[in-house]
Student: 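Input: one structure, supplied below.
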Amino acid sequence: MARVRRVGKRWWVGAVGLLGLCVAAEVQPAYSQQSVAVRAALVKGSLPADDPTAAAWATASVSEFPMSPQVHWPVRITEVTAKSVKVRGLHDGTTVAIMLEYSDPSEDPDDAAALEFMVGDTKAHFAHGQPMAQVEGGPVNIWYWKNKDGKGSDLGAKGFGTLKPHSHQDVKAKGVYQGGVWKVVFSRPLSTEHVAEDTQFKPGEFGSIAFAVWDGKKTESGQPKEKGSEKAISSWWYFRADAPPDYSPYLYALLAVGLALGFEMALVRRLKKGS
Amino acid sequence: MGGVLIRPIILTVCIYLFLKFIVPVLPHSAPLPSSLIFLYLMLVMSGSVLFATLSGESKDAFFQPILRFLTGESGGALSSARYLVLALFPLLVGWQAYGSTASSDAPPGENRTIHPAPPGEYTGLSNPVPKTPENIMYGKGLYASRCAPCHGNFDGKGFAAAGFTPPPANFKDPTTIAMLQESYLFWRIKKGGVGLPVEGMPWKTAMPRWELEMSDEDIWKVIMGEYDGAGQKPRTWDESE
């Protein structure tokens with residue numbers, strides 16, 4: 001009996017302990033954005049859109065994505081030079097800049113890189129927006145850079161073999177090769193007038209992004225090692241241009257704390273009166 | 001205080017621990033979503049309150065300790081616990097308000113159906129190629145040249161697989177080809193990633209459309225080679241069905 005009474009008096013210690021266990025079990029580690037999404041932070045001042053070596057890029061968070069050979073289309077290779085790409089993003093509210101960084105043992109005129117986006121709300125297959133058999137897929141917008149061209153190209157496609165430049169060229173790109181590493185920065189206004197062809201970035205909203213890299217080193221045949229659909233690719237990942245800071249959730253939380261405190265005090269006072 | 005309260009509290013916590021940690025490790029089970037666990041706990045707590053307040057006496061016995069606790073009449077060590085609860089409640093409400101109004105940093109979820117239903121013309125097809133050692137070997141040869149770069153040694157770990165998400169299927173895993181009919185594999189190999197229906201979104205699979213490069217007969221042989229190499233058997237209709 002004495003043992004039962006002791007447990008009765010101390011029951012809340014065990015209950016609080018169990019409750020603590022439950023809360024601890026619900027607390028998950030912070031969700032990692034690495035290898036899932038690229039987030040372009042909002043910066044004040046000038047955007048390093050034409051300088052892959054600018055110090056500002058060191059402040060951007062890095063996401064790394066593994067690369068595979070393009071195998072979907074029959075003209076394929078099974079080994080690629082770039083095994084992964086590191087991706088950073090920044091925007092200033094008007095223009096977005098995205099930098100790819102990847103290893104390549106040699107600098108070659110035909111070295112190239114590209115970003116791919118869906119256009120509008122219609123989902124697209126990651127392989128150049130290949131037509132789907134059972135459902136209508138959408139087009140893709142491709143930003144392309146080749147070393148020997150020294151500039152970016154704004155392209156569109158809806159399946160392999162349909163790639164063509166847009167009549168309007170909004171994309172800029174610049175690449176720098178240092179120490180066996182390419183750093184290529186693409187930039188474009190967040191929004192354009194050509195909503196049917198260009199991807200549009202709405203700060204705070206996630207969109208899809210994919211990457212492609214070509215090693216342009218000449219082989220014995222005189223052809224680049226990787227060209228056309230023979231390239232390193234990723235499938236869809238996520239991209240977001242961060243929205244400006246929003247402090248309203250803190251205000252709502254403060255208001256909720258005040259209301260809960262008021263309710264609590266009124267309840268206790270009422271209960272005390274009643275008893 | 002609390003003799004009458006301790007049972008529902010312990011019951012609720014035990015059920016939570018069961019749903020959270022035991023259910024996921026049961027055979028053929030999976031982790032339950034937090035929303036479902038929350039729903040179950042609400043049901044348990046509602047039932048407990050209902051049970052405890054069936055009569056006037058039991059209702060008083062149930063609520064009196066709570067009232068004494070909230071008004072501070074319990075005294076002793078419970079006074080500290082009372083202040084803790086009174087301080088934590090507004091903070092919890094504030095936390096919930098923040099969580100429901102702050103924008104999420106997580107990308108949108110993907111509700112991809114892993115094995116979407118095939119078009120009707122592929123349902124129930126049977127492999128027309130005789131299952132001979134020669135045909136199986138031929139299929140394995142095609143597998144080695146066409147499929148192995150991504151699917152590897154039937155384990156989904158080919159040397160070209162690293163960049164693909166979802167990863168190439170692991171045929172040795174009992175939840176892949178072992179639970180599918182040969183006709184299903186025929187459809188997926190023949191039509192590839194672009195043959196997926198809308199529920200297969202977001203269409204990240206790199207699976208080639210092999211009908212452009214292999215005959216139907218070769219695809220059936222590859223299927224035989226896959227099952228044999230992975231040590232699996234295709235799912236079939238029972239005779240009674």
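Below, chains carry the letters A, B, ... as their sequence lines are ordered, and counting in each starts from 1.
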Student: Using heavy-atom distances under 4.5 Å, tell me whether A/Gln130 contacts chain B through its side chain, its backbone, both, or neither.
Tutor: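 Both parts, backbone and side chain.
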
Student: Under 4.5 Å heavy-atom distance to chain A, tell me which part of B/Pro197 shows up: side chain, backbone, both or neither.
Tutor: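 The answer is both parts of B/Pro197.
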
Student: Would a 4.5 Å heavy-atom cut-off, applied to side chains only, mark B/Cys150 and A/Val71 as touching?
Tutor: yes

Student: Please identify, among A/Glu79, A/Met67, A/Arg76, the residue contributing the most non-hydrogen atom pairs under 4.5 Å to chain B.
Tutor: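 The residue among A/Glu79, A/Met67, A/Arg76 with the greatest pair count is A/Arg76.
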
Student: With a strict 4.5 Å heavy-atom criterion, list every residue of residues 40-48 of chain B that contacts chain A, or say none.
Tutor: none

Student: Using the benzene-type ring in the case of Trp, are the ring centres of A/Tyr250 and B/Tyr98 under 6.0 Å apart?
Tutor: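 Aromatic pair counts; centres sit under 6.0 Å.
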
Student: Examine whether an atom of B/Trp95 lies under 4.5 Å from a heavy atom of chain A, and if so say whether it belongs to the side chain, the backbone or both; otherwise answer neither.
Tutor: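 Neither part; nothing is under 4.5 Å.
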
Student: Taking all non-hydrogen atoms of both residues, which atom of B/Ala160 and which atom of A/Ser68 are closest, and how far apart?
Tutor: O-OG, 2.6 Å

Student: Just verifying a value: how many Å separate B/Leu86 CG and A/Leu267 CG, rounded to the nearest 0.5 Å?
Tutor: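 One gets 9.5 Å once the value is rounded to the nearest 0.5 Å.
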
Student: Top residue by heavy-atom pair count (under 4.5 Å) with chain A, among B/Pro208, B/Ala97, B/Gly158, B/Gly99?
Tutor: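 Among the listed options, the one with the most contacts to chain A is B/Pro208.
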
Student: Would A/Trp237 and B/Thr165 count as a side-chain contact (heavy atoms from CB on, under 4.5 Å) here? Give the steps.
Tutor: CA-CA 9 Å; A/Trp237 297 100; B/Thr165 173; 3.6 Å; yes

Student: Determine the minimum heavy-atom distance between B/Gly94 and A/Ala256, stating which atoms define it.
Tutor: CA-CB, 4.1 Å

Student: Grab the two heavy atoms, one from B/Pro90 and one from A/Glu264, that are nearest each other, plus how far apart they are.
Tutor: CD-OE2, 3.5 Å

Student: Does A/Ser235 reach the main-chain N or O of B/Phe164 with its side chain, forming a donor-acceptor pair under 3.5 Å?
Tutor: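 No: the side chain of A/Ser235 does not pair with the backbone of B/Phe164.
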
Student: Using side-chain heavy atoms (C-beta onward) and a distance below 4.5 Å, is B/Leu196 in contact with A/Gln134?
Tutor: no

Student: What distance do A/Arg270 atom CZ and B/Thr71 atom OG1 have between them, rounded to the nearest 0.5 Å?
Tutor: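 The CZ atom of A/Arg270 sits 14.5 Å away from the OG1 atom of B/Thr71.
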
Student: Just do the side-chain contact (heavy atoms from CB on, under 4.5 Å) check on A/Thr78 and B/Phe159 with the steps written out, would you?
Tutor: CA-CA 8 Å; A/Thr78 52; B/Phe159 59 85; 3.9 Å; yes

Student: Taking everything shown except B/Glu121 itself, do over 12 heavy atoms lie less than 6.0 Å from its CD?
Tutor: yes

Student: Test your reading of the model: is there a side-chain donor-acceptor pair from A/His125 to the backbone of B/Thr205, 3.5 Å cut-off?
Tutor: yes

Student: Does atom NZ (A/Lys86) have a neighbourhood of more than 12 heavy atoms from anything else shown, all under 6.0 Å?
Tutor: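 Result for NZ/A/Lys86: open.
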
Student: Using non-hydrogen atoms only, which part of A/Arg240 is less than 4.5 Å away from chain B: side chain, backbone, both, or neither?
Tutor: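 Side chain only.
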
Student: Can you find a heavy atom in the side chain of B/Leu70 that is under 4.5 Å from one in the side chain of A/Lys272?
Tutor: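 B/Leu70 vs A/Lys272: side chains apart.
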
Student: Supply the atom-to-atom distance A/Leu271 CG to B/Glu73 CD, rounded to the nearest 0.5 angstrom.
Tutor: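 It is 9.5 Å, given to the nearest 0.5 Å.
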
Student: Please find the pair of heavy atoms, one from B/Gly195 and one from A/Ala133, that lie closest to each other, and give the distance.
Tutor: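 So the two residues come closest at CA-CB, 3.9 Å.
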
Student: Which bit of B/Ser104 is near chain A, if near means a heavy-atom gap under 4.5 Å: side chain, backbone, both or neither?
Tutor: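 Backbone only.
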
Student: Rounded to the nearest 0.5 Å, how far does OG of A/Ser234 lie from NZ of B/Lys204?
Tutor: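 One gets 9.5 Å once the value is rounded to the nearest 0.5 Å.
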
Student: Heavy-atom pairs under 4.5 Å with chain A: which of B/Pro149, B/Ala162, B/Gly192 has the most?
Tutor: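 Going by pairs under 4.5 Å, I would pick B/Ala162.
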
Student: With a 4.5 Å heavy-atom cut-off, do B/Ser100 and A/Tyr252 have their side chains touching?
Tutor: no

Student: Considering only heavy atoms, which portion of A/Val257 lies under 4.5 Å from any heavy atom of chain B: side chain, backbone, both, or neither?
Tutor: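 Looking at A/Val257, backbone and side chain both touch chain B.
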
Student: Quick one, B/Arg82 with A/Val268, criterion side-chain contact (heavy atoms from CB on, under 4.5 Å). Give me CA distance, side-chain angles, the key distance, then yes/no.
Tutor: CA-CA 11 Å; B/Arg82 173 175 176 264; A/Val268 170; 3.7 Å; yes

Student: Can you name the closest pair of heavy atoms from A/Tyr238 and B/Pro107 and give their distance?
Tutor: CD1-CB, 3.5 Å

Student: If every non-hydrogen atom of B/Ala206 is compared with every non-hydrogen atom of A/Phe126, which pair is closest and at what distance?
Tutor: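 So the two residues come closest at CB-CZ, 3.7 Å.
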
